[in-house]
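Notes to accompany the following structure.
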Amino acid sequence: MPPTLPEFSLEGKVAVVTGASQGLGQQILNAFTLSGAHGAVVDLTQDSAQKSVQHLIQEAKDAGLQEPKIHAYECDTSSEEGVKSTWDKIVKEFGRVDILVTNAGITGGAPAEDYPYEDFKKMIDVNLTGTFLFARTAGKWWINNKIDGRVLMVSSMSGSIVNRPQKQCAYNASKAASAQLMKSLASEWAPHNIRVNALSPGYIQTEANEGEEMEKLSKEWIKDIPMARIAKPEEFRGAAVWLVSDASSYVTGSEIIVDGGYTIW
Ligand SMILES: NC(=O)c1ccc[n+]([C@@H]2O[C@H](COP(=O)([O-])OP(=O)(O)OC[C@H]3O[C@@H](n4cnc5c(N)ncnc54)[C@H](O)[C@@H]3O)[C@@H](O)[C@H]2O)c1
Ligand SMILES: OC[C@@H](O)C(O)[C@H](O)CO
């Protein structure tokens, strides 16, 4: 193994990552387990979460590491009862949790004047309320058990800018609110040694951005990106490990934007 700074190690830590069946969430948990952590894949179906577990274990083996403990959990993060029972199961099976990444999220859009109420509500329920429910459960458990927890919220550059040309007011509002939620939790929980930060990506090549319509849109997006390309999911691994490891021990309440320069303009 090449030498690396010890403060980036996640040796023995237990990480819960929501929406880790695919895309960015899977990449983040992969980075954590390759840095020595064990982990919980939380997603909408047991089947997709279990497939991700197999993939992550194989990645660790291919890297020549000891097999990490990784388990799958079916949970809709927007369900209060679901979040509570999933957290209890994880704690029972792992004995503790050190890191929470609230990554589960949905996208979508429509012109604001026609935005269907149910779609707007769902966006807020998953992207904001689900984030709050998981963070609240973790924060309470860490405070009661005197554990120096770390929360990493996956927000988006859409919390700071309005994307174009697609119209997506609900998504943008949900991400702006989650960044402000992050700061509020960081201030409330700093006295308990719990750090809370956000990682806000620009456009990433994941399933959320696949399909003919997205292909067309991405040609437009690239014109606004100084680096003139869409990110690969693995380009967020370093920032994610930094934000939950001791390498960022004096960082809380920060939003790290990783967007190829999009928000420069
Ligand atoms: N792809 C991008 O360009 C981009 C850019 C900025 C931010 N993000 C954010 O990154 C995160 C991950 O995005 P992605 O591109 O990997 O998306 P993705 O659609 O590939 O993966 C999202 C995962 O979340 C899960 N999920 C959705 N709703 C859930 C719920 N209620 N409960 C549990 N799991 C749920 C899905 O099943 C899926 O596995 C999201 O929060 C997204 O908003 C993505
Ligand atoms: O801003 C980058 C993304 O959050 C994006 O808005 C989304 O993936 C578009 O559908």
Side-chain angles (χ1 to χ4, degrees), residues 16-30 40-53 55 72-80 82-83 86 101-110 121-134 152-179 182 198-211 213-218 220-222 224-225 229-237 239-240 255-263:
V16 175
V17 182
T18 68
S21 283
Q22 61 181 47
L24 185 59
Q26 188 183 59
Q27 277 296 337
I28 289 176
L29 189 50
N30 193 22
V41 174
V42 175
D43 214 301
L44 284 172
T45 67
Q46 188 68 26
D47 188 46
S48 66
Q50 192 54 48
K51 280 194 185 118
S52 186
V53 167
H55 171 79
Y73 301 87
E74 178 176 318
C75 170
D76 177 347
T77 57
S78 64
S79 150
E80 184 178 24
V83 169
T86 301
V101 181
T102 55
N103 162 82
I106 53 173
T107 54
K121 192 173 172 312
K122 173 121 202 249
M123 189 74 76
I124 300 297
D125 284 351
V126 176
N127 290 5
L128 179 61
T129 312
T131 296
F132 167 71
L133 290 174
F134 241 107
L152 177 60
M153 292 187 181
V154 175
S155 185
S156 168
M157 68 171 182
S158 304
S160 320
I161 52 92
V162 172
N163 304 67
R164 61 184 177 186
Q166 74 275 26
K167 295 177 176 170
Q168 48 177 46
C169 66
Y171 182 83
N172 298 346
S174 74
K175 292 299 183 177
S178 73
M182 174 279 289
L199 176 60
S200 285
Y203 293 109
I204 319 169
Q205 276 164 21
T206 64
E207 251 181 52
N209 287 330
E210 276 175 8
E213 177 63 16
M214 289 299 184
E215 288 262 305
K216 247 192 268 160
L217 280 174
S218 67
E220 293 304 309
W221 298 342
I222 283 168
D224 281 331
I225 305 172
R229 65 177 178 84
I230 309 288
K232 298 192 192 92
E234 52 270 32
E235 293 185 274
F236 298 86
R237 300 188 339 170
E255 180 185 4
I256 304 301
I257 299 182
V258 179
D259 65 353
Y262 192 109
T263 50

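As the structure lists them, so they are numbered: ligands from 1, and atoms in each ligand from 1.
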Working for side-chain contact (heavy atoms from CB on, under 4.5 Å), residues Val42 and Val16: CA-CA 7 Å; Val42 175; Val16 175; 3.8 Å; yes
Any N or O of [X] closer than 3.5 Å to N or O of ligand 1:
{"X": "Ser78", "answer": "no"}
{"X": "Thr206", "answer": "yes"}
{"X": "Ser156", "answer": "no"}
{"X": "Tyr203", "answer": "no"}

Which ligand 1 atoms are under 4.0 Å away from a heavy-atom of [X]?
{"X": "Val126", "answer": "28 (N), 31 (N)"}
{"X": "Val154", "answer": "9 (C), 10 (O), 11 (C)"}
{"X": "Gly23", "answer": "16 (O)"}
{"X": "Asp76", "answer": "30 (C), 31 (N), 32 (N)"}

Among [options], which one has a heavy atom closest to [atom]?
{"atom": "atom 7 (C) of ligand 1", "options": "Ser200, Ser155, Ser48", "answer": "Ser155"}
{"atom": "atom 42 (C) of ligand 1", "options": "Trp221, Phe236, Phe134, Tyr171", "answer": "Tyr171"}
{"atom": "atom 41 (O) of ligand 1", "options": "Thr77, Asn103, Thr131", "answer": "Asn103"}

Give me the residue, atom name and distance of the protein heavy atom closest to [atom].
{"atom": "atom 23 (C) of ligand 1", "answer": "Gly19 O, 3.6 Å"}
{"atom": "atom 27 (C) of ligand 1", "answer": "Gly105 O, 3.7 Å"}
{"atom": "atom 37 (O) of ligand 1", "answer": "Asp43 OD1, 2.6 Å"}
{"atom": "atom 16 (O) of ligand 1", "answer": "Leu24 N, 2.9 Å"}
{"atom": "atom 19 (O) of ligand 1", "answer": "Gln22 NE2, 3.5 Å"}
{"atom": "atom 2 (C) of ligand 1", "answer": "Asn209 ND2, 3.4 Å"}
{"atom": "atom 6 (C) of ligand 1", "answer": "Pro201 O, 3.4 Å"}
{"atom": "atom 4 (C) of ligand 1", "answer": "Ile204 CD1, 3.7 Å"}

Test item: [X] side-chain N/O and [Y] main-chain N/O as donor-acceptor pair under 3.5 Å:
{"X": "Gln168", "Y": "Gly109", "value": "no"}
{"X": "Ser156", "Y": "Ser200", "value": "no"}
{"X": "Gln46", "Y": "Glu74", "value": "yes"}
{"X": "Asp76", "Y": "Ser78", "value": "yes"}
{"X": "Ser158", "Y": "Asn172", "value": "no"}
{"X": "Lys175", "Y": "Val154", "value": "yes"}
{"X": "Asn103", "Y": "Thr18", "value": "yes"}
{"X": "Ser52", "Y": "Ala49", "value": "no"}

Within this structure, what is the [atom1]-[atom2] distance for the pair [X] and [Y], rounded to the nearest 0.5 Å?
{"X": "Gln27", "Y": "Ile204", "atom1": "CD", "atom2": "CD1", "result": "10.0 Å"}
{"X": "Phe236", "Y": "Thr206", "atom1": "CZ", "atom2": "OG1", "result": "9.5 Å"}
{"X": "Arg229", "Y": "Gln205", "atom1": "CZ", "atom2": "CD", "result": "8.5 Å"}
{"X": "Glu234", "Y": "Leu24", "atom1": "CD", "atom2": "CG", "result": "10.5 Å"}

Within 4.0 Å of atom 10 (O) of ligand 1 (strictly less), any protein heavy atom?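 Neighbour list for atom 10 (O) of ligand 1 includes protein heavy atoms (cut-off 4.0 Å).
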Checking Asn127 now: which residues fulfil side-chain hydrogen bond (donor to acceptor under 3.5 Å, both in side chains) with it, not counting sequence neighbours?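 So Asn127 forms a side-chain hydrogen bond (donor to acceptor under 3.5 Å, both in side chains) with Ser174.
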If you define the side chain from C-beta out and look only at heavy atoms, does anything of Val258 sit under 4.5 Å from Glu235? no
Looking at ligand 1, would [X] count as a contact under a 4.0 Å heavy-atom criterion?
{"X": "Cys75", "value": "yes"}
{"X": "Gly202", "value": "yes"}
{"X": "Thr18", "value": "no"}

Any idea which part of Lys175 is under 4.0 Å from ligand 1, heavy-atom wise: side chain, backbone, both or neither?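 For Lys175, the contact with ligand 1 is made by the side chain alone.
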Test side-chain contact (heavy atoms from CB on, under 4.5 Å) on Phe132 and Met153 and set out the steps. CA-CA 10 Å; Phe132 167 71; Met153 292 187 181; over 6 Å; no
Let's go through Ile225 and Ile230 carefully: what are the C-alpha distance in whole Å and the side-chain angles of both, what is the deciding distance for side-chain contact (heavy atoms from CB on, under 4.5 Å) to 0.1 Å, and is it a yes or a no? CA-CA 8 Å; Ile225 305 172; Ile230 309 288; 4.3 Å; yes
Of the options Asp259, Asn163, Ile222, Asp224, which is the one that meets Tyr203 in a side chain to side chain contact (heavy atoms under 4.5 Å, CB included)? Asn163
Using a cut-off of under 3.5 Å, which N/O atoms of ligand 2 pair up with protein N/O atoms, and what distance separates each pair?
from     : atom 1 : to     : atom 2 : distance (Å)
ligand 2 : 1 (O)  : Ser156 : OG     : 3.4
ligand 2 : 1 (O)  : Ser158 : OG     : 2.6
ligand 2 : 1 (O)  : Asn163 : ND2    : 2.9
ligand 2 : 4 (O)  : Ser156 : OG     : 2.7
ligand 2 : 4 (O)  : Ser158 : OG     : 3.4
ligand 2 : 4 (O)  : Tyr171 : OH     : 2.6
ligand 2 : 6 (O)  : Ser158 : OG     : 3.0
ligand 2 : 6 (O)  : Asn163 : ND2    : 3.2
ligand 2 : 6 (O)  : Gln168 : NE2    : 2.9
ligand 2 : 8 (O)  : Asn209 : OD1    : 3.3

